[in-house]
Trainee: 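I am attaching a structure below and will ask some questions about it afterwards.
No experiment lies behind these values; they were computed from the predicted model shown.
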Amino acid sequence: MPAAPVQKAGPQVRALTLAALDALYAENRAAAARLRACRKLFELCDDEQLDRAIAAGYGPGLDEEPSYAIIDPLQIACAEIVAAYGVHHHRAKKLIALANDLSVRFPSLLEAMETGRIDEHTAEMLARHLRTVDVSALERVQRAVVDWLLDAIDSGRRPGRDAILNETDRIIREYDPEGVLLRRARAFAERNVRLRRSEDGMADLNARLSAPDALAISEALNEIAREHKRRNPGGAGMGPLRADALVNALLGPADSSTSPASTPAAAAAAAAAAGEAGSTGSLMASIRPNITVLAPLSPDGEPEVYLPRGGPATIEALIALLSRSVGATIVVPDPAPGAADSASHARRYRLSPELDRRIRLRDGTCRHPGCSVPADHCDIDHCRPFNHSDPSNGGLSVEANLMCLCRQHHRFKTFHGWRYRLDREGTLTVTTNTGHIITTDPAGPLARWRRDVATETDPPPDPPPHPRRRPWLSPKPQATYGHRREKDLATEREANIAARYETPLPQPDFEPPPPF
């Protein structure tokens, strides 16, 4: 039986491709218009601050410092974008910073976006790549880059990211030979390691390093992981083993006997990493974590703990952390609102350590709309200002009047015209000068605990009939890694002495210290 004729979809594919291309060009032009508007917003905020300065008797060309608090126009513009647009603070700041860069330093890139053929991501990438070009050559360099890229697109070529950056480097070398070296030096000065909380009790640790250092570290982790795979072919994959090797190289191996989550694969990787660290010098850091135990039962019936910057974690993760630490602080606060308030401290400006800690546990981050600076890096501000001359008539130092604000938003609240209201549960309502009403809820472990308890309607599930062993429930405290190592060395030393003199010596009676 003859096969059915194949329907040719060429015209339909072409029509849909052209429709997508038209939408992409419109999106790029809209992005350019958005950047133009953000630049105008920043200029307006800058002009208002200048008018404020002149009204206060301070103007351009004068050397004396102003006698009033200065608020960065960038922060004002960011706050307005957050209030109107609904994005977080970092996104608004990045948007306005890009708008300023493209409008002032890279107008050719912004004009190319307005043609629709260059998208915002490419323009941002090129602006970042050209930021160290000398100002005397910047206009010619960016024009040459834009002309080459648009010509490549129009002629049917489709250069990838590396091709675009390689051609940009060639043009920089042609017009500004010193720019390449300057960019490399500046990039090296920006090396850093950043921590970002992720989901399911995990976190992302991102390192920006020089290419040789990053390659050397990656190869070392690969070698440790490959060595383990040779010993245990059926164990974990290379990814988890590389992560274990990195942790063990810096913190030392966890005690597999005290961690129910430990596996033979993890133990082997720990031993390999310990061998690597021992051959090159110890890298193990002394850590003293601050841990909060405050949560209802997790879905599997186990209590959860909260680690700083890490969010909720299991008790297995806690035991693994304690086995590597030289001490820890464990806090079990009273979750009731206002539990740390007292009549004597309410009229004092300086907070008690307990009240300071519970405000950070409740809020989790800066409470200003759109901001996510961790609470541990924030100031604690009185929502209703504290009256130093008459404390009874001002904002009291109680939980219902205190909130976390990062330093820049603390100044913004104090010296700008927005209005703030905080309720007993910690919900903050902000009313802007332009009429926007924004509400932010506390996001810390204390606030989450309260919400979970308030919405809990079903009784907790029955415990499993045969629960697995829980070493942390043992009344005997667990030893730290450092103590176990000292014990092993002392035992070896006594055995060597006994063998040398052929006289049995009593073994030392070590009582493991508590892990915190």
Trainee: Any donor and acceptor pair, going by atom type alone, linking the side chain of Ser155 with main-chain N or O of Ala152 inside 3.5 Å?
Mentor: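 Between the backbone of Ala152 and the side chain of Ser155 there is a qualifying donor-acceptor contact (under 3.5 Å).
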Trainee: Is it true that atom CZ of Arg161 has more than 12 heavy atoms of other residues, nucleotides or ligands lying nearer than 6.0 Å?
Mentor: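 No, CZ of Arg161 has 12 or fewer neighbouring heavy atoms, counting only those of other groups under 6.0 Å.
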Trainee: Checking the side chain of Arg448 only, and the main-chain atoms of Ala443 only, is there a donor and an acceptor separated by less than 3.5 Å?
Mentor: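 Answer holds: yes.
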Trainee: Please confirm whether the backbone N or O of Asp244 pairs with a side-chain atom of Asn248, one donor and one acceptor, at under 3.5 Å?
Mentor: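 Yes.
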Trainee: Looking at Glu167 and Arg157, does any basic side-chain N land under 4.0 Å from a carboxylate oxygen?
Mentor: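 No.
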Trainee: May I ask you to say whether Arg173 pairs ionically with Asp169, meaning some side-chain N is under 4.0 Å from a carboxylate O?
Mentor: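 No, no charged N to carboxylate O under 4.0 Å.
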Trainee: Work out which heavy atom in His129 is nearest to a heavy atom in Ile172; give both atom names and the distance.
Mentor: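 Scanning both residues completely, I find the closest heavy atoms to be O-CD1, 4.1 Å.
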Trainee: Any donor and acceptor pair, going by atom type alone, linking the side chain of Arg191 with main-chain N or O of Phe188 inside 3.5 Å?
Mentor: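 Looks like yes, one N/O pair under 3.5 Å.
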Trainee: Rounded to the nearest 0.5 Å, what's the gap from CG on Asp381 to CD1 on Ile359? Could you check?
Mentor: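 If I round to the nearest 0.5 Å, the distance is 11.5 Å.
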Trainee: Set out, in order, the CA-CA distance, both residues' side-chain angles and the distance that settles side chain to side chain contact (heavy atoms under 4.5 Å, CB included) for Met403 and Ile380, then state yes or no.
Mentor: CA-CA 6 Å; Met403 59 184 174; Ile380 294 184; over 6 Å; no
Trainee: Quick one: do Ile118 and Leu150 satisfy side chain to side chain contact (heavy atoms under 4.5 Å, CB included)? Show the steps, please.
Mentor: CA-CA 8 Å; Ile118 292 184; Leu150 294 182; 4.0 Å; yes
Trainee: Flag the pair Leu44 / Lys40 as yes when at least one side-chain heavy-atom distance between them is below 4.5 Å, and no otherwise.
Mentor: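 No; the side chains remain at least 4.5 Å from each other.
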Trainee: Looking at Arg208 and Asn192, would you say the former's side chain and the latter's main chain have a donor-acceptor pair under 3.5 Å?
Mentor: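 It does not hold such a pair.
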Trainee: May I ask you to test the Lys93-Leu74 pair for a side-chain heavy-atom distance under 4.5 Å?
Mentor: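 Contact flag for Lys93/Leu74 side chains = yes.
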Trainee: Show, in sequence, the C-alpha distance, side-chain angles and deciding distance for Cys404 and Cys366, and conclude whether the side chain to side chain contact (heavy atoms under 4.5 Å, CB included) test is met.
Mentor: CA-CA 5 Å; Cys404 292; Cys366 172; 5.7 Å; no
Trainee: Between Asp176 and Arg140, is the salt bridge (charged side-chain N to carboxylate O under 4.0 Å, His left out) condition met? List the steps.
Mentor: CA-CA 10 Å; Asp176 182 29; Arg140 290 174 293 162; over 6 Å; no
Trainee: Under 6.0 Å from the ring centre and within 45 degrees of the ring axis: does the NZ or CZ of Arg29 meet both conditions for the six-membered ring of Tyr25?
Mentor: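 Not satisfied by the 6.0 Å and 45° rule.
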Trainee: Let me confirm one number: the CG-CD1 distance from Asp101 to Ile96, rounded to the nearest 0.5 Å.
Mentor: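 The CG atom of Asp101 sits 12.5 Å away from the CD1 atom of Ile96.
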Trainee: First locate atom CG of Leu95, then atom CZ of Arg39, and finally report the distance between them rounded to the nearest 0.5 Å.
Mentor: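 With rounding to 0.5 Å, CG (Leu95) is 13.0 Å from CZ (Arg39).
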Trainee: Side chain to side chain contact (heavy atoms under 4.5 Å, CB included) for Arg36 and Glu114? Distances and angles first, verdict last.
Mentor: CA-CA 10 Å; Arg36 295 280 191 194; Glu114 290 173 330; 2.9 Å; yes
Trainee: Tell me the closest heavy-atom pair linking Met113 and Ala31, and the distance in Å.
Mentor: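 For Met113 versus Ala31, the nearest heavy atoms are CE-CB, 3.7 Å.
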Trainee: What are the two closest heavy atoms between Gly395 and Phe386, and how far apart are they?
Mentor: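 Heavy atoms of Gly395 and Phe386 come nearest at O-CD1, 3.1 Å.
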Trainee: Can you find a pair of side-chain heavy atoms, one from Val430 and one from Lys413, that are under 4.5 Å apart?
Mentor: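 Counting from C-beta outward, Val430 and Lys413 never come under 4.5 Å.
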Trainee: Side chains of Leu138 and Phe106: closer than 4.5 Å at any heavy-atom pair?
Mentor: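 Yes - at least one pair of side-chain heavy atoms lies under 4.5 Å apart.
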Trainee: Determine yes or no for a side-chain-to-main-chain donor-acceptor pair under 3.5 angstrom, with Asp46 supplying the side chain and Phe42 the backbone.
Mentor: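 Checking the backbone N and O of Phe42 against the side chain of Asp46, no donor-acceptor pair under 3.5 Å is found.
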Trainee: Please name the pair of heavy atoms, one in Ala127 and one in Leu109, separated by the smallest distance, quoted to 0.1 Å.
Mentor: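 That closest heavy-atom pairing would be N-CD1, 3.8 Å.
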Trainee: Got a second to check how far Met238's CE is from Arg226's CZ, nearest 0.5 Å?
Mentor: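 Those atoms lie 5.5 Å apart.
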Trainee: Could you tell me whether the side chains of Ser108 and Arg143 share a donor-acceptor contact shorter than 3.5 Å?
Mentor: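 Result is yes, a qualifying pair exists.
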Trainee: Taking atom CZ of Arg367 and atom OG1 of Thr427, what is their separation to the nearest 0.5 Å?
Mentor: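 Taking CZ in Arg367 and OG1 in Thr427, the distance rounds to 7.0 Å.
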Trainee: So, does Arg407 use its side chain to make a donor-acceptor pair with the main chain of Cys378 at under 3.5 Å?
Mentor: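 No, because the side chain of Arg407 does not come within donor-acceptor range (under 3.5 Å) of the backbone of Cys378.
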Trainee: Inspect the surroundings of CG in Leu18 and state if more than 12 heavy atoms from other residues, nucleotides or ligands are less than 6.0 Å away.
Mentor: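 Enclosed.
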Trainee: Is there a donor-acceptor pair closer than 3.5 Å between any side-chain N or O of Ser218 and the backbone N or O of Ala214?
Mentor: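 Answer holds: no.
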Trainee: Parallel, tilted or perpendicular: which describes the rings of His368 and Tyr420, with under 30° parallel and over 60° perpendicular?
Mentor: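 His368 vs Tyr420 ring planes: tilted.
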Trainee: Minimum heavy-atom separation for Leu446 and Arg358, please, with both atom names.
Mentor: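 Heavy atoms only, the tightest pair is CD2-O, 3.8 Å.
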Trainee: Grab the two heavy atoms, one from Thr115 and one from Ala112, that are nearest each other, plus how far apart they are.
Mentor: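 Looking at all heavy atoms of both residues, the closest pair is OG1-O, 2.5 Å.
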Trainee: Taking atom types as modelled and ignoring hydrogens, do the side chains of Asp379 and His409 form a donor-acceptor contact shorter than 3.5 angstrom?
Mentor: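 Per modelled atom types, Asp379 and His409 side chains form no pair under 3.5 Å.
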Trainee: Compare all side-chain heavy atoms of Leu149 with those of Thr122 and state whether any distance is below 4.5 angstrom.
Mentor: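 A side-chain contact exists here, since the closest heavy-atom pair is under 4.5 Å.
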Trainee: Using a 6.0 Å cut-off, check whether atom CZ of Arg421 has over 12 heavy atoms from anything other than its own residue.
Mentor: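 Atom CZ in Arg421 is not crowded, with 12 or fewer foreign heavy atoms closer than 6.0 Å.
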Trainee: With a 4.0 Å cut-off on N to O distance, would you call Arg131 and Glu124 a salt bridge?
Mentor: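 Result for this pair is no, no salt bridge flagged.
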Trainee: Check whether any side-chain heavy atom of Pro442 lies under 4.5 Å from a side-chain heavy atom of Asp363, and answer yes or no.
Mentor: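 Side-chain contact under 4.5 Å: yes.
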Trainee: Measure the spacing between CD1 of Ile76 and CZ of Phe415 and express it to the nearest 0.5 Å.
Mentor: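 If I round to the nearest 0.5 Å, the distance is 12.5 Å.
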Trainee: Is any NZ, NE, NH1 or NH2 atom of the basic residue among Arg357 and Asp376 found under 4.0 Å from an Asp or Glu carboxylate oxygen of the other?
Mentor: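 Yes, Arg357 and Asp376 are salt-bridged.
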Trainee: Given side chains that start at C-beta, do those of His89 and Cys78 come closer than 4.5 Å, heavy atoms only?
Mentor: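 The answer is yes, as the side chains (C-beta and beyond) meet within the 4.5 Å cut-off.
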Trainee: Just wondering, do Trp148 and Ile164 contact through their side chains at under 4.5 Å, heavy atoms?
Mentor: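 Sidechains of Trp148 and Ile164: in contact.
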Trainee: Among Leu102, Val146, Val145, whose side-chain contact (heavy atoms from CB on, under 4.5 Å) with Leu126 holds?
Mentor: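 Per the side-chain contact (heavy atoms from CB on, under 4.5 Å) rule, the option paired with Leu126 is Val145, out of Leu102, Val146, Val145.
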